[in-house]
S.K.: 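Pasting a structure here, questions to come.
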There are 2 protein chains.
Amino acid sequence: MASTINDVGRLAGVSRQTVSRALNDPDSLHPTTLKKVMRAIRMLDYHPNITARNLANRSVRSIGLFMPFTVEQMRHNLFFPVISTSICQHCAENDFMFQLFTAAPEEEGFSGLFKKLYYQKKVGGLILALPSIKTRDIVELIGSRIPFVLIGRPAFDLELVHYVDVDNVQASYMATRHLLDLGHRSVALLSASPSLTLSEDLLAGFRKAYEDKGIPTGKAYVAHTDLTFGSARWEMEKLLDLTDPPTAVVSADDLLALGAVRAAEERGMSVPGNLSIVCATHNGWGDIAHPKFTYIATGYEQLGHLASNHMISSILKQDMPALRQILPVRLVECSSTAKCN
Amino acid sequence: MASTINDVGRLAGVSRQTVSRALNDPDSLHPTTLKKVMRAIRMLDYHPNITARNLANRSVRSIGLFMPFTVEQMRHNLFFPVISTSICQHCAENDFMFQLFTAAPEEEGFSGLFKKLYYQKKVGGLILALPSIKTRDIVELIGSRIPFVLIGRPAFDLELVHYVDVDNVQASYMATRHLLDLGHRSVALLSASPSLTLSEDLLAGFRKAYEDKGIPTGKAYVAHTDLTFGSARWEMEKLLDLTDPPTAVVSADDLLALGAVRAAEERGMSVPGNLSIVCATHNGWGDIAHPKFTYIATGYEQLGHLASNHMISSILKQDMPALRQILPVRLVECSSTAKCN
DNA sequence: CGAATTCATGTGAACGTTCACATTTAGAGT
DNA sequence: ACTCTAAATGTGAACGTTCACATGAATTCG
């Protein structure tokens with residue numbers, strides 16, 4: 001059906017290897033021959049069979065992104081489109097395929113699944129965007145010599161783990177600090193599930209800000225959400241119903257911030273009049289907020305870019321320097337924060 | 001390095017074909033042999049090389065989703081996570097790979113790119129979620145016998161085109177009708193770019209609702225946006241500044257509706273007090289709206305599911321009935337609509 | 001009990017490339 | 001013109017599977 005390298009060779013009156021060279025190393029061919037071959041390629045509308053090429057090369061020009069979420073969980077996930085699109089574009093530029101996996105983990109953890117994908121040559125390497133990952137999985141992945149990059153700092157600091165992340169500790173610190181500097185003394189942290197590294201980081205920055213200012217943490221609240229609008233709203237409601245409610249909120253992301261605003265508005269409060277809010281991270285949700293959220297700018301697009309760049313490089317060459325990068329963040333002041341009155 | 005089917009055979013004391021059978025047709029083997037082979041597979045931690053298998057089978061167990069958007073355009077796209085996750089899960093269930101493509105079209109249209117992906121055996125078929133597609137591209141795709149499914153009805157009705165879409169005409173009709181039934185006589189349609197099929201559909205439903213009610217369309221406004229919050233807000237502002245502004249809005253999706261609400265609120269208007277809003281389609285954005293939007297429920301998840309199901313089936317078997325499906329929609333009444341006063 | 005039949009396994013070739021090496025052709029240099 | 005080297009092209013084998021067929025063992029039946 002489809003034409004092969006042999007058909008092209010026959011038509012051009014050369015051997016199959018010459019056709020192969022025309023594709024992979026044109027300079028090694030006599031210009032006249034090259035022209036003949038190219039003409040034959042066009043005439044037959046020949047396209048090299050990547051499967052055969054991969055087999056002969058023992059190479060897999062493909063990277064996978066693994067994000068274990070259900071459709072329901074993805075429904076409000078604006079992190080995903082940014083990350084996957086940025087990886088996808090980077091792959092396209094390097095003639096790599098980009099595969100997506102959203103499967104839930106098997107009961108024995110992720111590594112079985114990853115090993116399978118890699119050993120079956122379905123992917124040459126993996127980018128893992130996991131809410132959390134077990135040490136055992138990591139150790140096993142490293143042991144299997146599977147190339148992988150984590151998006152999100154792992155909870156432990158193994159020498160050989162490659163990862164990129166935004167500086168969540170610093171983000172939380174800057175957010176909290178900003179509020180404390182405005183005179184707030186009772187700040188609430190709207191965090192994620194306590195088991196996540198993200199939550200640990202946010203908490204660390206939160207505490208450090210209080211510490212650096214020498215303010216007692218007696219009225220520093222920490223609430224945990226499942227990163228949905230509904231849970232943020234609910235947690236915020238509980239906080240506002242306290243006898244001594246917080247006057248400001250640091251929220252893990254801007255979807256949570258929207259939940260917090262809703263809770264405040266329902267109680268007749270206004271932002272930033274009665275409640276100040278800073279988003280410790282920022283994705284698309286905040287763009288529709290009113291008033292505009294003061295937030296910590298975290299270049300999520302960068303994450304995908306760095307991860308795929310590292311992944312592709314380390315698939316092509318063996319020797320890549322370790323990727324263990326925490327991206328800097330910066331405060332962007334908008335109008336959801338005000339001095340504490 | 002990695003073990004092959006031959007290694008397994010040698011260890012188990014059988015031929016390579018027997019190992020192959022153990023994997024692909026276990027019943028054809030003597031139970032004792034099967035057990036021996038399985039043990040060897042486990043001992044060697046053998047994983048079949050999918051690349052080699054695909055080559056031998058002349059099969060490509062992989063489908064691609066093509067969505068030509070930039071990172072910036074994806075930033076607020078909640079349609080994408082739902083679609084891609086639902087396709088992805090369906091692929092996983094059928095042991096298919098799922099590849100993502102976000103590249104912009106070449107100047108001569110999409111079909112060159114698609115042909116390349118298909119003839120190179122990178123994908124066995126494509127799901128295309130394009131804002132719009134040229135007839136020439138479609139014709140060329142069909143001519144090339146590339147299996148593909150469109151998500152979104154194409155502007156023309158070629159017999160051989162496979163597609164799924166939600167019933168945008170009906171959605172728009174129901175939304176408009178609902179508002180007219182509530183007594184509104186001046187409804188605005190916040191649509192997309194006029195060149196899109198989506199916009200045509202919305203307009204058709206919008207007009208038909210007026211027609212069916214026998215209401216003159218003198219005060220029926222149509223505004224075009226680029227499907228962003230900002231443009232919806234801006235268009236809505238212009239509408240509200242008219243001497244005879246609309247009392248209700250049908251918005252193409254709920255992100256636009258949020259933009260409309262913002263414009264209204266800025267003018268001291270309230271929803272649904274002074275302005276009623278219905279979303280003709282619904283994705284995640286509306287979930288944070290206050291008041292909750294009355295909307296037309298469109299099962300976007302279904303779209304991905306139907307498309308991938310059809311794609312996978314038609315890659316595996318030749319003879320698939322045509323997929324030309326328009327999914328029904330239904331009105332969900334919430335609190336963004338009120339009687340016209 | 002021998003031939004016919006079924007069941008179980010093995011063998012060569014093929015899928016479409018590229019690699020390593022062999023061979024041919026062309027381009028000098030004296 | 002004649003070797004010597006460099007450039008250009010061709011050939012067999014390999015990548016790891018599966019397919020089509022061949023072979024051999026076990027079962028059935030008259």
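By convention in this document, chain letters (A, B, ...) are assigned in the order of the sequence lines, proteins followed by strands, and residues within each chain are numbered from 1.
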S.K.: Residues from residues 19-31 of chain A sitting under 4.0 Å of DNA chain C, heavy atoms only?
M.R.: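 Correct list: A/Ser20, A/Asn24.
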
S.K.: Hey, can you pull the residues of residues 8-17 of chain A with a non-hydrogen atom under 4.0 angstrom from DNA chain C?
M.R.: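 Of all residues in residues 8-17 of chain A, the ones placing a heavy atom under 4.0 Å from DNA chain C are A/Arg16, A/Gln17.
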
S.K.: Quick check for you: name the first and last nucleotides of DNA chain C, 5' to 3', having an atom under 4.0 Å from a heavy atom of chain B.
M.R.: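 Contact boundaries, 5' end first: C/dA8 to C/dG16.
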
S.K.: Run the side chain to side chain donor-acceptor pair (under 3.5 Å) test against A/Tyr119 and tell me which residues pass, sequence neighbours left out.
M.R.: none

S.K.: Show every donor-acceptor pair shorter than 3.5 Å between a side-chain atom in residues 47-54 of chain B and any protein atom, with sequence neighbours excluded, or say none if there are none.
M.R.:
from: B/His47; atom 1: NE2; to: B/Asp45; atom 2: OD1; distance (Å): 3.3
from: B/Asn49; atom 1: OD1; to: B/Thr51; atom 2: N; distance (Å): 2.8
from: B/Asn49; atom 1: OD1; to: B/Ala52; atom 2: N; distance (Å): 3.0
from: B/Asn54; atom 1: OD1; to: B/Ser59; atom 2: OG; distance (Å): 3.4

S.K.: Any residue in residues 46-61 of chain B with a heavy atom nearer than 4.0 angstrom to DNA chain C? Just list them by number, or reply none.
M.R.: B/Leu55, B/Ala56, B/Arg58

S.K.: Suppose we screen for side-chain contact (heavy atoms from CB on, under 4.5 Å). Which residues come up paired with B/Ser28, at least two apart in sequence or across chains?
M.R.: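 Only B/Arg21, B/Asp25 meet the side-chain contact (heavy atoms from CB on, under 4.5 Å) criterion with B/Ser28.
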
S.K.: Which sits closer to the 5' end of DNA chain C, B/Thr33 or A/Ile5, going by the nucleotide each is nearest to?
M.R.: B/Thr33

S.K.: Mind checking salt bridge (charged side-chain N to carboxylate O under 4.0 Å, His left out) for A/Lys122 and listing every partner two or more places apart, or none if nothing turns up?
M.R.: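 So A/Lys122 forms a salt bridge (charged side-chain N to carboxylate O under 4.0 Å, His left out) with B/Asp95.
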
S.K.: Over its full length, what angle do the end axes of the helix from C/dC1-D/dG30 to C/dT30-D/dA1 make, each axis taken from five pairs and the result rounded to 10 degrees?
M.R.: 40°

S.K.: According to salt bridge (charged side-chain N to carboxylate O under 4.0 Å, His left out), who are the partners of B/Arg58, at least two apart in sequence or on a separate chain?
M.R.: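 In terms of salt bridge (charged side-chain N to carboxylate O under 4.0 Å, His left out), with neighbours along the sequence ignored, B/Arg58 is linked to no residue.
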
S.K.: Enumerate, atom names and distances included, each donor-acceptor pair closer than 3.5 Å involving a side-chain atom of residues 144-151 of chain B, sequence neighbours excluded.
M.R.:
from: B/Ser144; atom 1: OG; to: B/Glu140; atom 2: O; distance (Å): 2.6

S.K.: Return the set of residues passing side chain to side chain donor-acceptor pair (under 3.5 Å) with A/Arg324 (not counting sequence neighbours), or none when no residue passes.
M.R.: A/Asp157

